[in-house]
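Report on one structure; see the data block that follows.
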Amino acid sequence: NISGIISDNRLGVFSKKIPSVFVTHQLNVLTGNTTWFTTQIHRIFINKHKQCWVPDVATSPNLTGKLGHPENCSLKVKYIGPLSRLNKKCMPKKHDLMVILSGPEPQRTMLEERLKEELKNYQGETLFVRGVIDGEQTSVTENNITYYNFMGREELEQAFNESELILCRSGYTTIMDLAKLGKKAFFIPTPGQYEQEYLAQKLKKSGLVPYASQDEFTIKDLKQVEEYKGLKNMDTEEVTWKDLFSLFEGE
């Protein structure tokens, strides 16, 4: 029999009666001047669990940097490799550029408006997923750009695989998806989100993905991508799900 709790960054999900695991890439929680405080509070909750699973690799290079690899950390950490709902597939290129937006308002709308203006100077075939969840999916094509208000998982998987370059935010879930798919990308972190800004800076410094701030981005910046390696699959063979879930096996 297998019995246990896996908590994906949900602080209140815990039981002393059965094995509990906390899943997070934020062993350091970046909040500007309050980073030390928020990190300590987060670790108090993590320490209640039997293990902490970090969806990244333990070695360098890695995807999270100091977020998931703190110095002098006493937490019971196990690195389980990046996680993604998407799969890499061999498909012919259909889009030169895929734009996918996400995140809180008003920043999502502000970036959409800026990109629409900048894309007037871009000649390649472009798929633009606006990230607006409505009751019904809609699409419209204007010149070389096809706009969708949103896409489901299977549609996103196909669109990613059919696109040569991805322009998006630098959220960690997106980064793991891009790594799984082995994609080249350009990041525009959400203003004021310290984690996204840090991850964009880290991956640029590592020579993997360039980025620009929302206010300074121009379509010419996409040429920088040629100078960067792009993200690659960092799956590790050292960790298996059978080993991980043995934690929950009853006697």
Side-chain angles (χ1 to χ4, degrees), residues 8-9 23-31 35 42 52-70 77-89 95 97-104 107-108 111 115 127 129 131 150-151 153 156-214 217 221-222 224-236 239:
D8 181 13
N9 234 346
V23 182
T24 184
H25 65 282
Q26 295 176 308
L27 302 182
N28 282 319
V29 183
L30 304 187
T31 54
T35 290
H42 200 218
C52 178
W53 293 354
V54 177
D56 195 4
V57 295
T59 56
S60 182
N62 54 65
L63 297 179
T64 57
K66 66 181 181 181
L67 285 174
H69 299 80
V77 175
K78 199 169 189 67
Y79 293 92
I80 63 174
L83 304 175
S84 175
R85 56 183 176 160
L86 307 180
N87 295 301
K88 185 173 183 177
K89 298 180 179 178
H95 315 291
L97 175 66
M98 177 181 176
V99 178
I100 179 165
L101 302 186
S102 60
Q107 297 299 339
R108 190 214 61 81
L111 180 57
L115 292 181
L127 176 65
V129 184
F150 67 90
M151 282 186 168
R153 188 202 68 81
L156 281 174
E157 182 177 84
Q158 179 173 339
F160 273 118
N161 279 293
E162 291 178 339
S163 301
E164 183 173 5
L165 172 63
I166 313 299
L167 175 60
C168 57
R169 297 296 196 190
S170 51
Y172 190 58
T173 298
T174 301
I175 290 172
M176 289 193 293
D177 287 339
L178 295 174
K180 179 70 175 291
L181 299 172
K183 284 295 177 180
K184 286 206 165 190
F186 193 100
F187 290 142
I188 302 177
T190 303
Q193 291 200 5
Y194 295 102
E195 177 185 322
Q196 286 196 18
E197 291 170 348
Y198 167 74
L199 287 170
Q201 293 166 6
K202 178 226 177 326
L203 294 174
K204 180 176 182 178
K205 187 176 181 179
S206 300
L208 300 178
V209 181
Y211 81 96
S213 69
Q214 186 165 296
F217 173 80
D221 290 336
L222 295 183
Q224 299 176 31
V225 174
E226 299 174 4
E227 304 171 8
Y228 289 77
K229 298 175 183 178
L231 290 162
K232 63 179 181 178
N233 195 334
M234 292 185 176
D235 284 344
T236 174
V239 177

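Remember, predicted model here, so these are calculated numbers, not experimental data. Below, all heavy atoms of this structure are taken into account, side chains as well, without hydrogens, waters or symmetry copies.
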For this session: Go through the structure and list residues passing ring-ring contact (aromatic ring centres under 6.0 Å, His included) with Phe160, not counting sequence neighbours.
Result: none
Problem set entry | Counterpart residues, ring-ring contact (aromatic ring centres under 6.0 Å, His included), relative to Tyr228 (two or more places apart) | none
Can you tell me how far [atom2] of [Y] sits from [atom1] of [X], rounded to the nearest 0.5 angstrom?
X	Y	atom1	atom2	answer
Gln196	Leu30	CD	CG	11.5 Å
Ser170	Glu195	OG	CD	8.5 Å
Asp56	Thr59	CG	OG1	8.5 Å
Ile175	Leu203	CD1	CG	5.0 Å
Lys184	Leu178	NZ	CG	13.0 Å
Cys52	Ile80	SG	CD1	9.0 Å

For this session: Could I get the full list of salt bridge (charged side-chain N to carboxylate O under 4.0 Å, His left out) partners for Lys66, not counting sequence neighbours?
Result: none
Seminar exercise, completed: With sequence neighbours left out, the residues meeting salt bridge (charged side-chain N to carboxylate O under 4.0 Å, His left out) with Glu164 are Lys93
Can you find a heavy atom in the side chain of [X] that is under 4.5 Å from one in the side chain of [Y]?
X	Y	answer
Leu115	Ile188	yes
Lys180	Leu231	no
Leu63	Pro82	yes
Ser60	His69	no
Met151	Leu127	yes
Asn62	Lys202	yes
Tyr79	Val54	yes
Leu111	Gln107	no

Exercise. Is the backbone of Ser206 close enough, under 3.5 Å, to the side chain of Lys229 for a donor and an acceptor to pair up by distance?
Worked result: no
For this session: Would you check if the side chain of Gln214 reaches a backbone N or O of Pro189 as a donor-acceptor pair within less than 3.5 Å?
Result: no
To check you understand the geometry: which heavy-atom pair defines the closest contact between [X] and [Y], and what is its length?
X	Y	result
Val29	His42	CG2-ND1, 3.4 Å
Leu27	Gly68	CD1-O, 3.5 Å
Arg85	Arg153	O-NH1, 3.1 Å
Thr174	Cys168	CG2-SG, 3.7 Å
Thr35	Thr31	OG1-N, 2.9 Å
Pro55	Tyr172	O-OH, 2.6 Å

Exercise. Run the side-chain hydrogen bond (donor to acceptor under 3.5 Å, both in side chains) check on Ser102 and Arg169 step by step: do they pass?
Worked result: CA-CA 7 Å; Ser102 60; Arg169 297 296 196 190; 5.5 Å; no
For this session: Could you please spell out the steps behind the side-chain contact (heavy atoms from CB on, under 4.5 Å) verdict for Leu156 and Met98?
Result: CA-CA 10 Å; Leu156 281 174; Met98 177 181 176; 3.9 Å; yes
For this session: Can you sort out the partners of Phe150 under side-chain contact (heavy atoms from CB on, under 4.5 Å), two or more places apart, ordered by chain and number?
Result: Ile133, Gln137
Seminar exercise, completed: residues 179-205 vs ring-ring contact (aromatic ring centres under 6.0 Å, His included), sequence neighbours excluded, gives Phe186-Phe217
